[in-house]
Amino acid sequence: MKIGFWGSGNMARVLGGAWSVAGHQIAFGSRDAAKSRGVAEGIGTGATGGTNDEVAESCEVIISSVRAVPSSFLASTSVLAGKVIIDLNNRDFPREYKPEEFLNSLAEATQKDVPSAKVVKALNNQAMEVFNCDAAALRNAGIQAFIAGDDDSAKQIVIELLNDIGLKAVDFGLLSNAWLLEVQADILRTYMFATGNALVTPGFIEAPRAEPRFGERRKGTY
């Protein structure tokens, strides 16, 4: 599959490298095509670099590492009709916290900006250092990646791509839940900055089943 990146920074570089090793064709985009070509040369394995517009036109799946809606940096968004866009962005951090911002996810802003595309929130809860591990190591560690989106076929594509680089997808439902994943990233980054540990990733641990020693759950409660 041809996977493109808007932006050629840290996350684009490590994810592009990981998917390239998994056998996918990778294209990096940037406002500065020379920068994206340099990143592509560093990755090797046939990766290419160019502009964000070239990525938008040529790639089947696009990962946005640009903290802005596509119409603000593309010449046209019409080429995105029917394409899968993975939004992995989080808000600027650290920042002054305003609770009302939490409900307005960056992923939903992208979907509103390009309603003909299929936006999936994913990969915003792993630091770039995680992808220094190969797919087998991440798979053995049980690393999870949370996703949210409205189109089931697009989510299935993302699930398979995540599996290619060793991550187990956990479906958080509709794209309207993306704000929860972005808030989760705020919690994760608070921990990272407090401890210096960029290798911790969030995940669900299922407790062992047992008899209800103290009674069943009351109906209507969570």
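As the structure is a computational prediction, the values presented were derived from the model and not from experiment.
Between Ala27 and Cys59, the closest heavy-atom pair is CB-SG, 3.9 Å. Taking both residues in full, the closest heavy atoms of Ala33 and Thr51 are given as CB-CG2, 4.2 Å, listed atom of the first, atom of the second, then distance. For Pro202 against Gln184, the heavy-atom pair with the smallest separation is CB-NE2, 3.8 Å. Residue Ala22 comes nearest to Asp164 through the heavy atom pair CB-O, 3.8 Å, listed as atom of the first residue, atom of the second, then distance. The two residues Ser72 and Val69 come nearest to each other via the heavy atoms OG-O, 2.6 Å.
Put simply, the side chain of Leu106 reaches to within 4.5 Å of the side chain of Glu182, judged on heavy atoms. Side-chain atoms of Val200 and Tyr191, non-hydrogen and from C-beta on, do get closer than 4.5 Å to each other. Counting heavy atoms from C-beta outward, Ile63 and Trp19 have side chains that approach closer than 4.5 Å. Between Ile85 and Val120, the closest side-chain pair of non-hydrogen atoms is not below 4.5 Å. Considering only heavy atoms from C-beta on, Phe5 stays 4.5 Å or farther from Val55 through its side chain. The shortest distance between side-chain heavy atoms of Val158 and Lys155 does not fall below 4.5 Å. Counting heavy atoms from C-beta on, the side chains of Phe131 and Gln126 come closer than 4.5 Å. With a 4.5 Å cut-off on side-chain heavy atoms, Met192 and Asn197 do not count as touching.
Residues Val79 and Ile3 are members of separate hydrophobic clusters, defined by side-chain heavy-atom contacts under 4.5 angstrom among Ile, Leu, Val, Met, Phe, Trp and Tyr. Leu161 and Leu181 fall into different hydrophobic clusters, defined by Ile, Leu, Val, Met, Phe, Trp and Tyr side-chain heavy atoms under 4.5 Å apart, directly or through other members. Using a 4.5 Å cut-off between side-chain heavy atoms of Ile, Leu, Val, Met, Phe, Trp and Tyr, with links allowed through other members, Leu167 and Ile157 fall into the same hydrophobic cluster. No continuous path of ILVMFWY side-chain contacts below 4.5 Å connects Val84 to Phe172, so the two sit in separate hydrophobic clusters. Note: the hydrophobic cluster containing Leu15 does not contain Leu188 (ILVMFWY, side chain heavy atoms under 4.5 Å, direct or indirect links).
Side-chain atoms of Ser36 come within 3.5 Å of backbone atoms of Gly50 as a donor-acceptor pair (strictly under, hydrogens ignored). With Gln144 contributing its side chain and Lys168 its backbone, the two residues share no donor-acceptor pair below 3.5 Å. A donor-acceptor pair is defined here as one N or O able to donate and one able to accept, closer than 3.5 Å; such a pair exists between the side chain of Lys83 and the backbone of Glu57. In this structure, Asn52 contributes its side chain and Ser30 its backbone to a donor-acceptor pair below 3.5 Å. A donor-acceptor distance shorter than 3.5 angstrom exists from the side chain of Asp150 to the backbone of Leu175, with no hydrogens or angles considered. With hydrogens and angles disregarded, no donor-acceptor distance shorter than 3.5 Å links the side chain of Asp53 to the backbone of Leu74. A donor-acceptor pair under 3.5 Å links the side-chain atoms of Asn140 to the main chain of Ala136, judged by distance alone. For the pair Asn125 (side chain) and Ala185 (backbone), a donor-acceptor distance under 3.5 Å is present. Under the 3.5 Å distance criterion, the side-chain polar atoms of Glu60 are left unmatched by any main-chain donor or acceptor of Met1. Under the 3.5 Å distance criterion, the side-chain polar atoms of Thr190 are matched with a main-chain donor or acceptor of Asp186.
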Applying side-chain contact (heavy atoms from CB on, under 4.5 Å) to Thr48 and Phe28, what does each step give before you reach the verdict? CA-CA 6 Å; Thr48 60; Phe28 295 100; over 6 Å; no
Verdict with supporting geometry, Ser65 and Leu88, side-chain contact (heavy atoms from CB on, under 4.5 Å): CA-CA 6 Å; Ser65 63; Leu88 53 66; 3.9 Å; yes
Could you give me the CA-CA distance, side-chain angles and deciding distance for Thr201 and Val130, then say whether side-chain contact (heavy atoms from CB on, under 4.5 Å) is met? CA-CA 8 Å; Thr201 71; Val130 171; 3.6 Å; yes
side-chain contact (heavy atoms from CB on, under 4.5 Å) between Ser8 and Arg13, worked out: CA-CA 6 Å; Ser8 302; Arg13 186 179 73 253; over 6 Å; no
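Between Phe204 and Phe146, the angle of the ring planes lies from 30° to 60°, which puts this pair in the tilted group.
With rounding to the nearest 0.5 angstrom, the CG atom of Asp171 is 4.5 Å from the CD1 atom of Ile147. Within the model, atoms NZ of Lys112 and CG of Asn104 stand 9.0 Å from one another, a figure rounded to the nearest 0.5 Å. In this structure, the separation between CG on Asp134 and CZ on Arg139 is 9.0 Å, given to the nearest 0.5 Å. The OG atom of Ser20 sits 5.5 Å away from atom CD1 of Ile26, with the distance rounded to the nearest 0.5 Å. In this structure, CG in Asn177 is found 9.5 Å from OG in Ser105, a value given to the nearest 0.5 Å.
With respect to Asn124, the side-chain hydrogen bond (donor to acceptor under 3.5 Å, both in side chains) criterion is satisfied by exactly one of Asn89, Asp87, Asn90: Asn90.
Salt-bridge formation is not detected for the pair Glu108/Lys121: no Lys NZ or Arg NE/NH1/NH2 atom is positioned less than 4.0 Å from an Asp or Glu carboxylate oxygen.
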